[in-house]
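What follows is a set of notes on a single structure, which appears directly below.
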Amino acid sequence: MSSKDHLFIFDTTLRDGEQSPGASMTRDEKVRIAKALEKLKVDVIEAGFPIASPGDFEGVKAVAAVIKDCRVCGLARALDKDIDRAGEALAGANAGRIHTFIATSPIHMQKKLNMSPDQVLEQAVYAVRRALRYTDDVEFSPEDAGRSEIDFLCRVLEAVIDAGARTVNIPDTVGYNIPHQFGSLIRTLRERVVNADKAVFSVHCHNDLGLATANSLAAVRNGARQVECTINGLGERAGNAALEEIVMAVRTRQDLFDCDVRLDTTQIVPCSRLVSGITGFPVQPNKAVVGANAFAHEAGIHQDGVLKNRETYEIMRAEDVGWNANRMILGKHSGRNALRSRLQELGVVLKSEEELNAAFSRFKDLADKKHEIFDEDLQALVSDASLEATNERVKLVSLRVCSETGEIPKANLILMLDGEEQPGTAIGGGPVDATFKAIESIVNSGTVLKLYSVNAITSGTDAQGEVTVRLEKGGRIVNGQGADTDIVVASAKAYLNACNKILLAPTRAHPQTGDV
């Protein structure tokens, strides 16, 4: 590490990323991603919003219990119940942080909080002091700082730093800012807040105008030393600043940045694929750093240049972010210990011999269908098992689909619904359409299909297909995922996974409003 400043990477995939419609994660899935983030060596993992639901609380608690090399953070509004719940969830952390916030923009204070500026200032200071009962590492955010009045923002930041906040985070909550404007804001705050030297200045940018990464980097150029970001840019609405873009921009342009990160960048692509597989949010092929085409060259002149000298058209090495890394390839002759060992390296710890036996059985079934099994296959296998193990009011027993040129596709299936086998038959415009209609003839979910997406997990015609289905009912949106070498079976699994989520009542509060 050089003598340059340390730029802290605060990953909020498990909190803000999970707020993407349909991207909710189970406790075990959160732990898997947290372990991958630990391997990536991020500085802070924001594990969730403990007051939001019992599941969120358990997720933060579970992450806090297993992560040792990163600081684990919990989000809390500037309310006693939120802060106390976060403190309870983080009690087992090796290093914990409470991140508390209250809105400071005129529109939020007037329309949402119905509070005066003085009341907001008083509540902010109170929240920081209460959080200090549980940890000496407290972060404060003035929500919607990007639209807040600068004089009031300075007053609030000075007061919370005096109260004991070690990090002050400036969020562009609605993605309203432009890079030169946001960079200027950070510089002005650092100059005008008299005790600015006693806290790390952080930024948290949303991507509503496609400027989250640019705004974050402008802030770093003007003295911010923590960036809050997510894997693949996952997050509410258009998402957050993408961790992979922030990290590689700073690492690649060291001629411009007087700071550096401490991450193991070779873990970026594996982490990206894990998050994509668990959330069901595919990575677009032309996505920077982690997209399938990020290091692909189609034009002949580009190919010729790269062959002569890589730096003619590549500013990063694919290997540096985890592409084409050496991976153990398992096959049908691999044994239990090889499977267990590789799963552990991927952050998946099987709790019992029964779980290992079940995973091994699935592995063998998959090995009979495809010759080589890669890490991505194993991640999908574990995720698929997790999906089937939870929320199983309805599950697939058998499926038969007939699709023939000139004939209308027809699906016959049997579902287990609340413990009873029920048959269903339907025709459709294609085998997947027929399958979905057959499922609906039994489940009657009353949903609208908003998205159907298929991605090959690995290369080759024997690759597993990973299907994402998004359903909407009464304004509620859920994602369902399924994986199989048979794309129609994967589609049925994904649809049923989404149906199971719809059949459960929503219990999660939104961190900005507290509404369920």
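Predicted model, so just to flag it, every value in this text is computed and none were measured. Quick note: numbers below take in every heavy atom, side chains included, and nothing from hydrogens, waters or symmetry partners.
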* Structure fact -> Rounding to 0.5 Å, atoms CZ (Arg32) and CG (Leu343) come to a distance of 8.5 Å
* Asked: Can you check salt bridge (Lys or Arg N to Asp or Glu O under 4.0 Å) on Arg71 and Glu139, steps first, answer last?
  -> CA-CA 12 Å; Arg71 192 166 293 276; Glu139 176 173 335; over 6 Å; no
* To do: Can you see which heavy atom on Val128 is nearest to which on Ala165, and at what distance?
  => CG1-N, 3.7 Å
* Could you check if a side-chain atom of Lys395 sits within less than 4.5 angstrom of a side-chain atom of Leu496, using non-hydrogen atoms only? => no
* Donor-acceptor contact present, side-chain Lys30 to main-chain Ala47, <3.5 Å -> yes
* Asked: Does Gln481 offer a backbone N or O that forms a donor-acceptor pair with the side chain of Asn497 under 3.5 Å?
  -> yes
* **Arg15/Asp56 salt bridge by N-O under 4.0 Å criterion** => no
* **Spacing of Lys39 atom NZ and Leu274 atom CG [to the nearest 0.5 Å]** => 11.0 Å
* To do: Keeping the roles fixed (side chain from Ser20, backbone from Gly235), state whether a donor-acceptor pair exists under 3.5 Å.
  => yes
* Salt bridge present between Glu88 and Arg85 (N-O < 4.0 angstrom) -> yes
* Asked: Which heavy atom of Ala219 sits nearest a heavy atom of Ile186, and at what distance?
  -> CB-CG1, 3.7 Å
* Let me see the working for Asn479 and Thr279 under side-chain contact (heavy atoms from CB on, under 4.5 Å), right down to the final yes or no. => CA-CA 8 Å; Asn479 278 356; Thr279 61; over 6 Å; no
* Asked: Is a side-chain donor or acceptor of Arg166 paired with a backbone partner of Asp136 at a separation under 3.5 angstrom?
  -> yes
* To do: Verify, without hydrogens or angle tests, whether Asn195 (side chain) and Glu158 (backbone) share a donor-acceptor contact under 3.5 angstrom.
  => yes
* Looking only at heavy atoms, which two atoms of Pro50 and Gly48 are closest? And how far apart? -> CD-O, 3.4 Å
* Salt bridge Arg251-Glu244, side-chain N to carboxylate O under 4.0 Å -> no
* Tell me, do Phe49 and His99 make a side-chain contact under 4.5 Å, heavy atoms counted? -> no
* To do: Give a yes or no on whether the backbone of Asn455 and the side-chain of Glu466 come within a donor-acceptor separation of less than 3.5 Å.
  => no
* Asked: Is the backbone N or O of Ala212 less than 3.5 Å from a side-chain atom of Ser216, with the two atoms forming a donor-acceptor pair by type?
  -> yes
* To do: Check Gly280 against Thr468 and note the closest heavy-atom contact, atom names and distance.
  => O-OG1, 2.8 Å
* Quick one: list whatever passes side-chain hydrogen bond (donor to acceptor under 3.5 Å, both in side chains) with Arg27, sequence neighbours left out. => none
* Any side-chain heavy atom of Gln226 sitting closer than 4.5 Å to one from Phe201? -> no
* Asked: Sub-3.5 Å donor-acceptor pair from the side chain of Thr12 to the main-chain atoms of Glu46, do we have one?
  -> no
* Could you please spell out the steps behind the side-chain contact (heavy atoms from CB on, under 4.5 Å) verdict for Leu40 and Asp11? => CA-CA 11 Å; Leu40 181 59; Asp11 184 276; 6.0 Å; no
* Asked: Is the closest side-chain heavy-atom distance between Arg342 and Leu378 below 4.5 Å?
  -> yes
* Mind checking whether Phe152 and Thr104 have side chains closer than 4.5 Å, heavy atoms only? -> yes
* Compare all side-chain heavy atoms of Thr135 with those of Leu90 and state whether any distance is below 4.5 angstrom. => no
* So do the side chains of Val138 and Arg129 get within less than 4.5 Å of each other, counting heavy atoms only? -> no
* To do: Using distance alone, with no hydrogens and no angle criterion, decide if Ser272 and Asn232 have a side-chain donor and acceptor under 3.5 Å apart.
  => yes
* Asked: Does the side chain of Asn240 pick up a donor-acceptor pair with the side chain of Asp16 at under 3.5 Å?
  -> yes
* To do: Please determine, by modelled atom types, if Thr26 and Asp28 share a side-chain donor-acceptor pair under 3.5 angstrom.
  => no
* Flag if over 12 foreign heavy atoms under 6.0 Å of CD, Gln284 -> yes
* Asked: Do Leu471 and Tyr495 touch side chain to side chain, with heavy atoms closer than 4.5 Å?
  -> yes
* Asked: Can we say Asp264 and Lys41 salt-bridge, meaning some charged N sits less than 4.0 Å from an Asp/Glu carboxylate O?
  -> no
* Asked: For Asp162, does its backbone N or O pair with a side-chain atom of Lys198 as donor and acceptor, under 3.5 Å?
  -> no
* **Asp144 side chain to Thr173 side chain, donor-acceptor N/O pair below 3.5 angstrom** => no
* Asked: What pair of heavy atoms forms the shortest contact from Val250 to Cys259, and how long is it?
  -> CG1-O, 3.7 Å
* Asked: Could you state the interatomic distance from CD1 (Ile102) to CZ (Phe140), rounded to the nearest 0.5 Å?
  -> 7.0 Å
* Closest heavy-atom contact between Arg147 and Ser105? -> O-CB, 3.6 Å
* **Ser202 side, atom OG; Ile170 side, atom CD1 - distance, nearest 0.5 Å** => 8.0 Å
* **side-chain contact (heavy atoms from CB on, under 4.5 Å) partner of Phe182, the single match among Asn215, Leu211, Asn222** => Asn215
* To do: Please round to the nearest 0.5 Å and tell me the distance separating atom OG of Ser116 and atom CD of Glu122.
  => 8.5 Å
* Ion pair present between Lys4 and Asp260, side-chain N to carboxylate O less than 4.0 angstrom? -> no
* Asked: Under 3.5 Å, is there a donor-acceptor pair between the side chain of Asp172 and the main chain of His206?
  -> no
* Asked: Are Asp84 and Arg130 close enough for a salt bridge, meaning some N to O gap below 4.0 Å?
  -> yes
